Protein chains: 2
Amino acid sequence: MTDKKEVEGRYAYEGLDRVLHEKARLGIVTSLAARADGLLFTDLKNLCNLTDGNLSRHLTVLQEAGIIDIQKGFRGRRPQTLTRLTDGGRKRYLEYITVLESVLADAVDAAKVARRAKKVMPEGFSPA
Amino acid sequence: MTDKKEVEGRYAYEGLDRVLHEKARLGIVTSLAARADGLLFTDLKNLCNLTDGNLSRHLTVLQEAGIIDIQKGFRGRRPQTLTRLTDGGRKRYLEYITVLESVLADAVDAAKVARRAKKVMPEGFSPA
DNA sequence: CCTTTGGCTTTGCATGGGAAAGTAGTCGGC
DNA sequence: GCCGACTACTTTCCCATGCAAAGCCAAAGG
C-alpha cells in the first residue's frame with residue numbers, strides 16, 4: 001500500500017550539525033577521528049586538499065565550537081600546530097554520523113521505492 | 001601496523017556535490033527521490049519543515065541545477081506547484097549518496113581505530 | 001644581507017542561506 | 001460586493017561563511 005501519510009518534518013534532518021555538515025570540516029574531523037594523537041596543520045592541509053587560509057579558518061571554527069583542541073608548539077625551531085578532536089567533539093561527530101546514517105537509509109529506501117513507482121499527475125491537477 | 005602514510009587528498013571529498021550537500025536541499029531531494037509522481041510545494045514544506053520563502057529559494061536552485069523539474073498548475077482554482085526529480089537529478093543524487101557512503105565508511109573506520117589508539121605527542125614536538 | 005621557504009593568519013570578496021516582507025488570487029461572511 | 005483572513009508562492013534583504021589572495025614572521029640559504 002502506498003500510504004501517502006508522512007510525518008511532518010520527516011525529512012527536516014534537524015540533527016545535521018551545521019558545523020560538521022561541511023565538506024571541508026567533515027574531512028578535517030574525519031581525519032582527526034582516526035588519530036587520537038592528532039594531526040599537524042600541514043598533514044591536514046594535504047589530506048584534505050585545503051589551502052592554508054582555508055584550513056586556518058575552519059580550524060578556528062572547529063575550535064570555537066569546542067570540537068577540536070589546538071596546540072601551538074615547535075618542532076625544532078619551526079612553529080607547528082597540533083590539532084586533536086576533543087572528547088566532546090568526538091561525541092558530536094558520532095552523533096552527526098548517526099544522523100547521516102539515517103539520511104542514507106532514507107536515500108536507499110527512496111531509491112528502492114522509486115523503481116516501482118509510476119509517474120502520474122496528482123488528482124485534480126491541471127498544468128498551467 | 002599504524003601506517004602513517006596516507007594519500008594526499010584522502011579526505012578531500014571532492015565528489016560531495018555542493019548543491020545536494022545541504023541540509024534543506026538534501027531533505028527536499030530525498031523526499032522527492034521516493035516519489036516518482038512528485039510532491040507539491042506544501043507537502044515539501046511540511047516534510048522538510050521549511051518556510052515558504054526558504055523552500056522557494058531552494059527549489060529555484062535545484063531547478064537551475066537541473067535536478068528538479070517544476071510544474072506550475074492549478075488544483076481547482078488554487079495554484080499548485082508540482083516538483084519532481086529529473087532523471088539527471090536522480091543520477092546526481094545517487095552519485096552523491098555513493099560519496100556519502102564512503103564518507104560514512106571512513107567515519108566508522110575512524111571510530112574503530114580511535115578506540116585502540118593512545119594519545120601521544122608527535123616526535124620532537126614541544127608545546128609553546 | 002637579501003631573498004626564499006615554511007608555517008600559519010588576516011583581509012576581502014562574493015556567494016548563499018534564511019527571515020521577513022510582499023504579491024496575487026481565493027474564500028467566506030455579512 | 002466589499003472586507004478581512006487565508007493560501008500559495010516570490011522577492012528582498014541581511015548576515016554568516018567559504019574561499020582565495022595577500023600578509024606576516026622566523027629561519028635557512030646563497
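From a predicted model like this one, the values you see are computed outputs, not experimental measurements. Here is how names work: the chains are called A, B, and so on, in the same order as the sequence lines, proteins then strands, and each is numbered from 1. Every heavy atom of this structure was used, including side-chain atoms; hydrogens, water molecules and symmetry mates were not.
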Check: For the pair made of NZ in B/K23 and P in C/dG16, what is the distance, rounded to whole Å?
Finding: 19 Å
Next item on the list: Examine the side chains of B/Y93 and B/T30 and answer whether a donor and an acceptor come within less than 3.5 Å of each other.
Entry: yes
Next item on the list: Classify the nucleic acid contact of B/R25 as base, sugar-phosphate or nothing, counting any heavy atom under 4.0 Å across all strands shown.
Entry: sugar-phosphate
Checklist line | Touch class at under 4.0 angstrom, heavy-atom based, for B/T51 against every strand present | finding: sugar-phosphate
Check: Once you round it to whole Å, what is the distance between C1' of D/dG18 and CD1 of A/I28?
Finding: 12 Å
Check: Any ion pair linking B/E22 and A/R18 (charged N to carboxylate O, less than 4.0 Å)?
Finding: yes
Next item on the list: Output the single nucleotide from D/dA8, D/dA20, C/dC8 whose closest atom is nearest the side chain of A/T42.
Entry: C/dC8
Checklist line | First encountered from the 5' end of DNA chain C, between B/R18 and A/R78 | finding: A/R78
Check: Does a side chain donor of either B/N49 or A/Y11 reach within less than 3.5 Å of an acceptor in the other side chain?
Finding: no
Next item on the list: Nearest whole angstrom, please: distance from the C1' of D/dC9 to the CG of B/L55.
Entry: 9 Å
Margin query: Mind checking if A/T60 touches a base, just sugar-phosphate, or nothing, with heavy atoms under 4.0 Å?
Written below: nothing
Note to self: Please find the pair of heavy atoms, one from A/G66 and one from A/T86, that lie closest to each other, and give the distance.
What the structure shows: O-OG1, 2.8 Å
Checklist line | Gap between atoms CZ and P, on B/F41 and D/dC9 respectively (whole Å) | finding: 6 Å
Notebook entry, point to check: Once you round it to whole Å, what is the distance between P of C/dC13 and CG of A/N54?
Noted result: 17 Å
Item checked: Under-4.0 Å side-chain N/O to phosphate OP1/OP2 contact, B/H58 with C/dG18 -> yes
Margin query: Closer than 4.0 angstrom, basic N to acidic O: yes or no for A/R84 and A/D37?
Written below: no
Check: Quick one: B/Q80 CD to D/dC9 C1', roughly how many Å, whole number?
Finding: 12 Å
Check: Think B/K72 has a side-chain N or O under 4.0 angstrom from the OP1 or OP2 of C/dA24?
Finding: no
Margin query: Under 4.0 Å, counting only non-hydrogen atoms across every strand here, what does A/T81 touch: a base, just sugar-phosphate, or nothing?
Written below: sugar-phosphate
Next item on the list: Mind calculating the distance between CG (A/L44) and C1' (C/dT9) to the nearest angstrom?
Entry: 16 Å
Margin query: I'd like to know if B/R57 reaches the base of C/dG18 with its side chain, counting only an N/O donor and acceptor under 3.5 Å.
Written below: yes
